[in-house]
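What follows is a short report on a single structure.
Note that ligands are numbered from 1 as they come in the structure, with each ligand's atoms numbered from 1 the same way.
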Amino acid sequence: MRDSHFPIQVTGTHEVLGACPHDCPDTCSLVTTVQDGVATKVQGNPAHRHTDGALCTKVSRYTERTYHLERILHPLKRSGPKGAGQFEPVSWDVALTDIAQRLQAIVNRGPEAAQAILPYSFAGTMGLVQGDGMAERFFHQLGASLLNRTICASAGSEGLTQTLGGKVGMRVEFFAESKLIIIWGSNSITSNLHFWRYAQVAKRNGAKLICIDPRKSETADKCHEHIALLPGTDAALALGLMHELVQNDWLDHDYLQRYTLGWDALRARALQWPPERTAQVCGIPSEQVRALARDYGGCLQRKEPAAIRMNYGLQRVHGGGNAVRAIACLPALIGAWRHRAGGVLLSSSSQFPVNTKALERPDLLAGRTPRTINMVTIGDDLLRPASPEFGPAIEAVVVYNSNPVAVAPESAKVAAGFAREDLFTVLLEHFQTDTADYADYILPATTQLEHWDIHLSYGHTDVLLNQPAIAPLGEAKSNTQIFRELAQRMGLSDPCFTDSDLTMCRAAYGDAVDFEVLLKHGYATLPVAEAPFAQGGFPTPSGRCEFFSARLQAQGQDGLPDHVPNHEAVGTSSEFPLAMISPPARNFLNSTFVNVKSLRDMEGEPILEMHASDAQSRAIRSGDVVRVFNRRGEYRCKAVVSSRARAGVVNGMGLWWRKLGLAGTNVNQLTSQKLTDMGQGPTFYDCLVEVEAVAGINVNTK
Ligand SMILES: Nc1nc2c(c(=O)[nH]1)N[C@H]1C(S)=C(S)[C@@H](COP(=O)(O)OP(=O)(O)OC[C@H]3O[C@@H](n4cnc5c(=O)[nH]c(N)nc54)[C@H](O)[C@@H]3O)O[C@H]1N2
Ligand SMILES: Nc1nc2c(c(=O)[nH]1)N[C@H]1C(S)=C(S)[C@@H](COP(=O)(O)OP(=O)(O)OC[C@H]3O[C@@H](n4cnc5c(=O)[nH]c(N)nc54)[C@H](O)[C@@H]3O)O[C@H]1N2
Ligand SMILES: [Mo]
């Protein structure tokens, strides 16, 4: 439903302010140039401090994605077997009427049966309106299963919340003033470019940069030190660092006493982690642990600010929650929070006063408490029969803003689940993704250039508004509009199902943000303290930084952070001796953009980085096609013998579309559905494999 008092301008040249919708901490402010109704250019807004006029390569190609020849612009209905990707065009009326009838038939069987409907969505757009705004209203009203949206950040979010009280921390701009920056579990140049720009300023002003990552990433290349620990050993390293801070008395005793909880217990725990033990668990020299402590403790002695930029890369392992918790404790030990350029940042999203209840209307459940499905275990759950514990088998899935067949773990099961003949799958999409191949209906969705939305950020503290720059292409409709029309066809009469997108944008923050400022500038800065915890005041129950968490203990967990070994730790299997991590590719955004040719050309092809010793012992050379395998399946890609990989760890880069890879699978054919210690998150980087050359095939032509 387009808001008539904001007509799209279709003649002349003008600029429209928007927001990057992608799942990235930077949430850039966009300026789209529109000529006679056609978007010709998308640029970074120079007036927005964090964007600073610069975009990543991907989003600067946004028009290429929007006007892509393969964009789905008409509703499609399956005409071949599931998974074959054969479709025929249908009218919106036919598609929506059929979908509404199919869902209604399930709902008519009563509240228990209604749970056989499952929404499946994640962060294709991070917009609060086109994300889960109208969609959740719809599914709440139907009484569908709830979805636990855990696939990215839930372990780390829980670890951070149990320690600091929420997704809170340093303001990103003050990293520019830090004297020591530890980049922990993040390839910032790839995935957090605008933070990296602040880190560069600090570096030019004499700051030391340390990168902690099993992979020698592009970011590690540009730091002064790189600690290449084994995946899933970050809590051990943090405890080893604490050990050295205690031993050398590099501690801010005043800060510890006033503003923390459980120091004596944490101190005793840390003393169990001398550098030799730490080094052995982490697979690094003990001197690196000591040097890290000298750098961190030195900031206390020199009264200089020390900052840690964690990212979610370190929490995709069994002990991800504990790892984030252990690292989040560190700034309090040396009183780093006293400086505005000191402390830690993982996510800033709890700072945003989003009115989720108004947007998503959980009250429409009206006393019903449907079961919750964890999106990480979609593979198992789609294949689960009805049972008293599980409830009804899943009969209908409505997927939007996500590509589960490519991004969810153990994809053989995910694909088998979506291939079920008796499953009814509806997908709202821009492209014929791997998931689209299994859909019964594909509904063409608008892109960010074609709809209204409003955003938070998990890397800075500005609210952004996205105004539509162009009219929807073809017959595309926004997610909200599709759910509004389905609601209407199903006779859902609550007035919330007629709210326009602009009404929802205004409701997202209510009076907490001046909407006129958003309309004029595209962004509004939240009033967040410069040094939020200089004098304690953590949003935890105790108001302190909680080294010890009574809430965790009450859940039967360890009340203190500890090293929790990987489910599939290096050295525990002779059959599958290599640990595989699968971090993001620079020119893709999860599985988005893989079909944009200019970006795919930059990535080349799916690769597995291997250390020379691991390659030699398997007679593998760069360019060989390899089979990467474990009990869950196999994946073929090109081996690259590279110093980016440490011994014992292979790096399967990027979330390729299965059908654009070498043999119809991607890295997730190998990953498991096992969960993290906290938050029921995925363990993508906790995965043992073996690798062998596929005889006679070498694709090293470049
Ligand atoms: N270009 C690009 N940008 C992105 C994304 C993308 O796909 N492409 N994805 C976006 C998403 S969804 C998110 S959640 C964010 C954040 O996404 P993150 O996943 O944090 O992304 P990266 O910063 O690339 O970093 C992950 C880094 O963690 C490292 N790592 C793997 N295992 C471990 C470990 O056990 N310990 C430590 N210390 N490091 C480990 C990897 O080698 C990698 O360099 O980025 C977003 N930005
Ligand atoms: N092995 C491995 N697996 C991983 C990861 C990893 O590092 N390694 N990373 C994990 C992480 S951190 C995340 S966040 C998940 C990401 O998982 P997803 O959120 O599923 O991410 P994408 O692959 O980007 O798929 C998003 C889809 O939404 C579509 N889309 C975008 N905007 C809109 C819109 O406005 N409307 C509609 N209807 N559709 C839209 C896009 O076209 C795209 O196909 O993947 C996870 N999977
Ligand atoms: Mo993510």
Side-chain angles (χ1 to χ4, degrees), residues 21-26 56-58 65 120-127 130-131 135 149 151-153 156 183-193 211-220 227-234 237 310-317 319-320 323 327 375-376 399-404 406-409 411 427-431 433-436 443-448 450-451 453 458-459 476 478-479 482 566 579-595 644 649 651-652 654-655 657 666-668 670-671 682 684-687:
H22 289 294
D23 186 352
C24 165
D26 294 16
C56 65
T57 317
K58 307 177 289 298
R65 185 175 188 277
Y120 195 94
S121 74
F122 201 63
T125 167
M126 296 275 293
Q130 305 301 338
R149 294 181 171 80
I151 203 157
C152 172
I183 299 178
W184 206 320
S186 169
N187 184 4
S188 316
I189 292 179
T190 279
S191 66
N192 195 185
L193 187 63
C211 180
I212 303 178
D213 192 317
R215 175 170 184 260
K216 187 165 179 292
S217 65
E218 296 74 2
T219 307
I227 302 178
L229 78 186
L230 287 167
T233 62
D234 300 273
L237 183 58
M310 268 195 270
N311 216 327
Y312 289 114
L314 70 89
Q315 48 94 66
R316 299 189 183 113
V317 291
I327 297 164
M375 70 186 298
V376 171
V399 183
Y400 55 99
N401 303 336
S402 187
N403 185 9
V407 307
S411 9
L427 176 70
L428 285 58
E429 250 301 349
H430 301 148
F431 292 106
T433 59
D434 288 327
T435 305
L443 304 178
T446 47
T447 70
Q448 190 78 343
E450 300 150 68
H451 55 227
D453 217 330
Y458 60 98
S478 62
N479 292 345
I482 295 170
N566 277 4
M580 184 187 79
I581 57 171
S582 45
R586 184 170 186 172
N587 295 295
F588 303 151
L589 198 296
N590 299 319
S591 78
T592 305
F593 296 104
V594 180
N595 61 326
R644 295 212 180 281
V649 182
N651 312 324
L655 279 178
W657 283 16
N666 73 9
V667 280
N668 279 324
L670 307 174
T671 54
F684 292 114
Y685 303 169
D686 182 341
C687 174

Can you figure out which of [options] has its heavy atom closest to [atom]?
atom: atom 6 (C) of ligand 2; options: Pro404, Ser582, Gly654; answer: Ser582
atom: atom 17 (O) of ligand 2; options: Leu443, Val407, Leu427, Asn595; answer: Val407
atom: atom 33 (C) of ligand 2; options: Gln448, Gln130, His430; answer: His430
atom: atom 12 (S) of ligand 2; options: Arg316, Glu450, His451; answer: Arg316

Do any nitrogen or oxygen atoms of [X] come within less than 3.5 Å of a nitrogen or oxygen of ligand 2?
X: Asn479; result: yes
X: Asn401; result: yes
X: Leu428; result: yes
X: Ile151; result: no

query = Does Ala585 have a non-hydrogen atom less than 4.0 Å from ligand 1?
reply =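 Under 4.0 Å: yes for Ala585.
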query = Where's the contact between Arg149 and ligand 2, heavy-atom distance under 4.0 Å: side chain, backbone, both or neither?
reply = neither
query = For ligand 2, does Val667 get within less than 4.0 Å through its side chain, its backbone, both, or neither, judged by non-hydrogen atoms?
reply = side chain
Closest protein heavy atom to atom 20 (O) of ligand 2, given as residue, atom name and distance to 0.1 Å =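 Answer, as residue, atom name and distance: Ser402 OG, 2.8 Å.
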message = Under 4.0 Å, heavy-atom basis, I'd like to know which part of Asp234 is in contact with ligand 1: side chain, backbone, both or neither.
response = side chain
key: Sidechain-backbone polar pair: Asp26 side chain, Leu193 backbone, donor-acceptor under 3.5 Å   =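 Side chain of Asp26 to backbone of Leu193, a donor-acceptor pair under 3.5 Å: yes, one is there.
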inquiry  = Under a 3.5 Å threshold, yes or no: a donor from one side chain and an acceptor from the other, between Ser121 and Asn401?
reply    =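 Checked: Ser121/Asn401 side chains show no N/O donor-acceptor pair below 3.5 Å.
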